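What follows is one structure encoded as structure tokens, with my remarks underneath.
Counting starts at 1 for both ligands and their atoms, following the listed order. This one's a predicted model, so the numbers in the text were calculated from it and none came from an experiment.
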Amino acid sequence: MTTATPLSVNEAVLNEALAGLTAAPKTLSPWLFYDQRGSDLFEQITDLPEYYLTRTERALFATHADDILREFLTPGAPATQTFTTHDTFTIAELGAGSASKTGLLLQAATRLQPDLLYQPLDVSASALEAAESLAANIPGLQVQPQVANYVTEPYTLQHLATGSNTRARVLALYIGSSIGNFAPEEAHAILRRLRAHLQPGDALLLGADLAPSSHKPVATILAAYDDAAGVTADFNLNVLRRLNRDLDADFNLDAFTHRARWNGNESRIEMHLESLIPQVVHIAGQRIPFAQFETIHTENSHKFTDEALNSLLTRSGFTPTRTFHDPTRSFALTLAHTL
Ligand code: AVI
């Protein structure tokens with residue numbers, strides 16, 4: 001009998017690169033973006049003037065943190081009512097990253113429950129350190145980080161308040177439009193899996209970027225993925241830099257260019273790396289030929305209608321009860337209960 005041993009990071013990168021680059025059309029999985037440099041570039045993207053997603057979602061938290069908590073704890077309660085709760089609750093977050101937006105919600109939550117437990121989950125230990133240090137500025141908050149890939153690895157959500165046997169209701173956050181980077185069937189699987197960790201009285205807050213509309217032209221979405229300063233181009237090309245470093249590949253970064261395209265049939269932005277010339281690249285002894293203009297498809301970022309989000313949530317076992325929009329209806333935070 002053979003015992004399966006976990007793959008080293010470089011083995012996983014090699015398997016992914018060879019499978020994707022020998023397929024037709026060529027692809028690379030977006031998780032390959034996030035080495036240290038890629039993660040730093042993504043942080044820079046979130047501050048770009050064209051990348052409206054992060055600041056719009058942050059503004060939604062700034063405006064609606066109390067409303068979100070009220071709706072979670074007492075669904076349907078009028079907004080005018082002075083709000084207190086006797087229910088114990090905890091906040092968990094899938095793919096927490098540096099958790100900078102979450103801080104606004106945590107601050108509001110600790111006004112209701114000063115010893116609140118926050119459970120951030122992320123595949124990156126360094127991102128969790130950032131989440132922990134952010135939380136250190138919120139007096140009383142208890143942080144219980146977990147290093148886990150919520151797509152492929154087991155994870156746990158604690159349903160007890162810190163230091164007691166009191167059952168705590170869980171508000172699970174899945175924000176930042178991370179859901180948009182998955183194919184529809186993968187998105188469904190992630191939400192179903194999360195649903196299986198939750199119990200009646202718990203809820204999910206899902207943050208998602210919205211599809212084009214009369215308020216939101218396709219050009220606005222495209223610009224967010226093709227900024228004037230070229231940071232997104234650098235982020236995209238960084239995946240080739242990573243393969244050169246980790247796999248000793250010989251990509252010439254000057255022979256590829258960043259392309260962002262709107263695919264209206266699938267309601268998604270696609271990022272590609274286009275070969276500017278006919279060329280052959282070598283990876284681990286394999287020849288990978290490229291025709292001129294041939295692309296590597298590196299990322300999908302799906303954009304949703306409210307109906308599509310509600311249907312995805314319902315199919316995944318949730319009951320959406322309220323959606324918070326920004327004034328231009330660019331982004332949605334949807335609260336969905338487990339009944
Ligand atoms: C992480 N994710 C939600 C980003 C997005 O908008 O799809 C990744 C990204 N790709 C290019 N710019 C940002």
If the cut-off is 4.0 Å to any non-hydrogen atom of [X], which atoms of ligand 1 fall inside it?
X    : answer
F235 : 10 (N), 11 (C)
Y34  : 1 (C), 8 (C)
S177 : 3 (C)

E274 and side chain to side chain donor-acceptor pair (under 3.5 Å): which partner among H258, Q292, R259?
R259

N-O pairing of [X] and [Y] below 4.0 Å:
X    : Y    : answer
R329 : D306 : yes
R268 : D209 : no
D326 : R55  : no

Counting non-hydrogen protein atoms only, what is the nearest one to [atom]? Give residue, atom name and distance.
atom                   : result
atom 8 (C) of ligand 1 : E299 OE2, 3.3 Å
atom 2 (N) of ligand 1 : N181 OD1, 2.8 Å
atom 4 (C) of ligand 1 : Y51 OH, 3.4 Å
atom 7 (O) of ligand 1 : S301 OG, 2.7 Å

Centroid-centroid under 6.0 Å between Y155 and H197 rings:
yes

Are F42 and F33 an aromatic pair, judged by ring center distance below 6.0 Å?
no

So is Y225 polar-close to ligand 1, meaning N/O to N/O under 3.5 Å?
yes

G176 heavy atom under 4.0 Å from ligand 1
yes

Starting from the C-alpha separation in whole Å, work towards a yes-or-no answer on ring-ring contact (aromatic ring centres under 6.0 Å, His included) for Y34 and F235.
CA-CA 9 Å; Y34 298 95; F235 173 74; 5.7 Å; yes

For F33, which part has a heavy atom under 4.0 Å from ligand 1: side chain, backbone, both, or neither?
neither

